[in-house]
2 protein chains.
Amino acid sequence: MAKLDFSPIADTTRRAEIVALLRRAILTGQLEPGQKLNELRISEQMRVSRAPLREAMRELVQEGILTSIPYAGTFVIDVTAKDIIDAYSLNKVLDEFAIELTWPQRDQRFFDELDRRHEAVKQATRALDTTRQIETALQLHGLIHEWADNSVLLETWQRLTSRLQMYFALHQRARNEPVPAEDVHETYVALMKGSDMRAAQRHAREHIDLDFEELLSYARGLEKRASKN
Amino acid sequence: MAKLDFSPIADTTRRAEIVALLRRAILTGQLEPGQKLNELRISEQMRVSRAPLREAMRELVQEGILTSIPYAGTFVIDVTAKDIIDAYSLNKVLDEFAIELTWPQRDQRFFDELDRRHEAVKQATRALDTTRQIETALQLHGLIHEWADNSVLLETWQRLTSRLQMYFALHQRARNEPVPAEDVHETYVALMKGSDMRAAQRHAREHIDLDFEELLSYARGLEKRASKN
DNA sequence: GACAAGCAGATTGTCGACAATCTAACAAGA
DNA sequence: TCTTGTTAGATTGTCGACAATCTGCTTGTC
């Protein structure tokens with residue numbers, strides 16, 4: 001028999017498609033933080049009944065990007081400066097752990113995949129596609145978590161990433177400048193190919209802090225705006 | 001005005017109650033790993049319709065203790081030795097982080113709460129109430145995560161804890177001996193009250209490893225049994 | 001004008017029924 | 001005997017309607 005790997009077939013339920021649609025809308029900032037999701041309106045727009053929509057929303061609530069208040073409604077989570085700080089500081093810890101687990105397992109396939117994802121970021125950057133740039137950067141970043149061979153870590157990181165992606169998207173949306181033009185991942189990729197694990201861990205931590213400062217200033221702006229109400 | 005803290009009123013939806021019921025059934029091992037949840041049967045037993053039940057199940061799927069296959073059913077997650085290893089190794093990392101965050105914030109209220117929870121564990125142990133013993137031990141363990149003042153960390157730890165509680169419950173159920181009789185938390189509490197943070201972190205890691213060995217042997221048994229089918 | 005009671009509209013929560021899909025058993029053919 | 005097609009039953013996925021709850025406005029009273 002030919003040894004062909006079939007990928008799992010796509011989810012065929014409306015629910016799964018709704019989840020994907022909503023998640024994308026939230027993570028790209030099309031649905032803004034705090035905004036209420038009206039079930040009737042959305043279900044009519046999507047041409048589905050409220051049952052699968054509500055189930056989809058329950059999933060996203062547990063995923064941490066929606067929040068629900070009984071009999072009041074379901075809302076996109078609010079973004080506070082503290083949330084961003086918390087998410088980032090945990091992300092650092094997870095990254096250090098992921099690098100530690102991945103390190104002894106690096107092989108040619110890992111390096112190839114690293115390059116592939118790095119290339120995808122550069123391409124999105126050249127195309128000035130900010131949404132895609134965020135996505136690809138997080139995917140590059142996520143390789144160590146996939147490679148770490150720890151399903152709980154991967155799952156945890158993916159949950160965290162949802163929020164990070166949302167924060168970045170909001171940030172990008174807020175300032176209308178184009179994205180950081182130059183390639184900030186060059187050093188990271190080089191270090192992950194190198195032989196000094198501690199250095200890689202250190203850089204991951206510092207590199208994060210870099211983007212972080214920008215995000216935080218955005219979040220502080222949000223805070224101020226909110227406190228006026 | 002009298003400064004009285006009101007606790008939030010109970011969730012009034014059926015969905016929330018169903019979630020609580022199902023979670024408890026799973027975490028105490030009344031529903032076994034791999035077991036299928038028949039929607040019609042459960043909804044009849046609980047005297048509710050399938051809609052809130054299905055929404056509840058979606059939540060528990062995202063919580064990581066159920067797994068769903070479209071048109072096939074929703075099942076209690078399987079427990080493999082690797083899952084336990086993964087969960088525990090991540091738990092160690094989170095613990096170290098939580099201790100680091102909590103350390104500078106420890107105050108009298110913290111110490112009091114530590115003692116209170118410690119006392120609850122001892123009481124459950126004396127009463128030979130294994131289920132409650134697991135619960136209280138995890139609550140004692142969770143104090144550092146609550147005190148760390150990092151909402152993302154807390155949320156992450158709670159997700160992880162669900163599984164740990166399930167693993168422990170299964171383990172306790174498997175062997176019919178009474179639980180570890182003596183108080184294994186004495187040292188931990190003392191260290192958390194002390195002044196050597198590194199020592200506390202080290203102990204948390206080692207103490208975990210202790211219980212861990214027992215759990216693992218249980219998981220390996222499961223593996224063997226599964227591979228025979 | 002301030003305030004409470006009550007009503008109307010909108011929205012969420014829940015229900016029972018129907019449609020789509022899967023599973024397992026059986027039959028037909030090579 | 002093995003494979004393939006068919007069918008019946010059971011189960012999950014989805015729908016439209018109804019019940020419970022909230023919100024904001026109006027009304028009446030002081």
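We name chains A, B, ... by the order of the sequence lines, and we start the count at 1 in each one.
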Scan the side chains in residues 33-40 of chain B for donor-acceptor partners under 3.5 Å anywhere in the protein, sequence neighbours excluded, and list what turns up.
residue: B/Gln35; atom: OE1; partner: B/Glu32; partner atom: N; Å: 3.0
residue: B/Lys36; atom: NZ; partner: B/Ala72; partner atom: O; Å: 3.0
residue: B/Asn38; atom: OD1; partner: B/Leu40; partner atom: N; Å: 3.0
residue: B/Asn38; atom: OD1; partner: B/Arg41; partner atom: N; Å: 3.1
residue: B/Glu39; atom: OE1; partner: B/Arg50; partner atom: NE; Å: 3.1
residue: B/Glu39; atom: OE1; partner: B/Arg50; partner atom: NH2; Å: 3.0
residue: B/Glu39; atom: OE1; partner: B/Arg54; partner atom: NH1; Å: 3.3
residue: B/Glu39; atom: OE2; partner: B/Arg54; partner atom: NH1; Å: 2.9

Rounding to a whole Å, what distance do you find between [X]:[atom1] and [N]:[atom2]?
X: A/Glu55; N: D/dG13; atom1: CD; atom2: P; value: 7 Å
X: B/Glu39; N: C/dC15; atom1: CD; atom2: C1'; value: 15 Å
X: A/Ile69; N: D/dT23; atom1: CD1; atom2: P; value: 9 Å
X: B/Arg58; N: D/dG13; atom1: CZ; atom2: C1'; value: 9 Å
X: B/Arg50; N: C/dA17; atom1: CZ; atom2: P; value: 12 Å
X: A/Asn38; N: C/dG13; atom1: CG; atom2: C1'; value: 14 Å
X: A/Glu44; N: C/dT12; atom1: CD; atom2: P; value: 12 Å
X: A/Ile42; N: C/dT12; atom1: CD1; atom2: P; value: 9 Å

Within the 4.0 Å heavy-atom criterion, would you say B/Leu53 contacts the bases, only the backbone, or no part of the nucleic acid? nothing
Using a heavy-atom cut-off of 4.0 Å across all strands, would you classify B/Arg14 as base, sugar-phosphate, or nothing? sugar-phosphate
Euclidean distance, B/Asp86 CG relative to B/Lys82 NZ, rounded to 0.5 Å: 3.0 Å
Just how far is it from atom CG of A/Leu90 to atom CZ of B/Phe97, taken to the nearest 0.5 Å? 6.0 Å
Are A/Glu135 and A/Arg24 close enough for a salt bridge, meaning some N to O gap below 4.0 Å? yes
For C/dC15, does either OP1 or OP2 sit under 4.0 Å from a side-chain N or O belonging to B/Ser49? yes
Quick one: which of B/Arg159, B/Arg23, B/Arg163 gives a salt bridge (Lys or Arg N to Asp or Glu O under 4.0 Å) with B/Glu63? B/Arg23
Of the options [options], whose atoms approach the side-chain atoms of [X] most closely?
X: A/Arg15; options: D/dT11, D/dT14, C/dT14; result: D/dT14
X: B/Pro52; options: C/dG13, C/dC15, D/dT14; result: C/dC15
X: B/Arg54; options: C/dG13, C/dC15, D/dT12; result: D/dT12

So which one's nearest nucleotide on DNA chain D is more toward 5', B/Leu37 or A/Arg47? B/Leu37
Using modelled atom types and a 3.5 Å cut-off, is there a donor and acceptor pairing between side-chain atoms of B/Arg58 and backbone atoms of A/Glu59? no
Protein-nucleic acid N or O pairs under 3.5 Å, nucleotides 19-25 of chain C:
none

Test side-chain contact (heavy atoms from CB on, under 4.5 Å) applied to A/Leu66 and A/Phe75, step by step: CA-CA 6 Å; A/Leu66 290 181; A/Phe75 308 81; over 6 Å; no
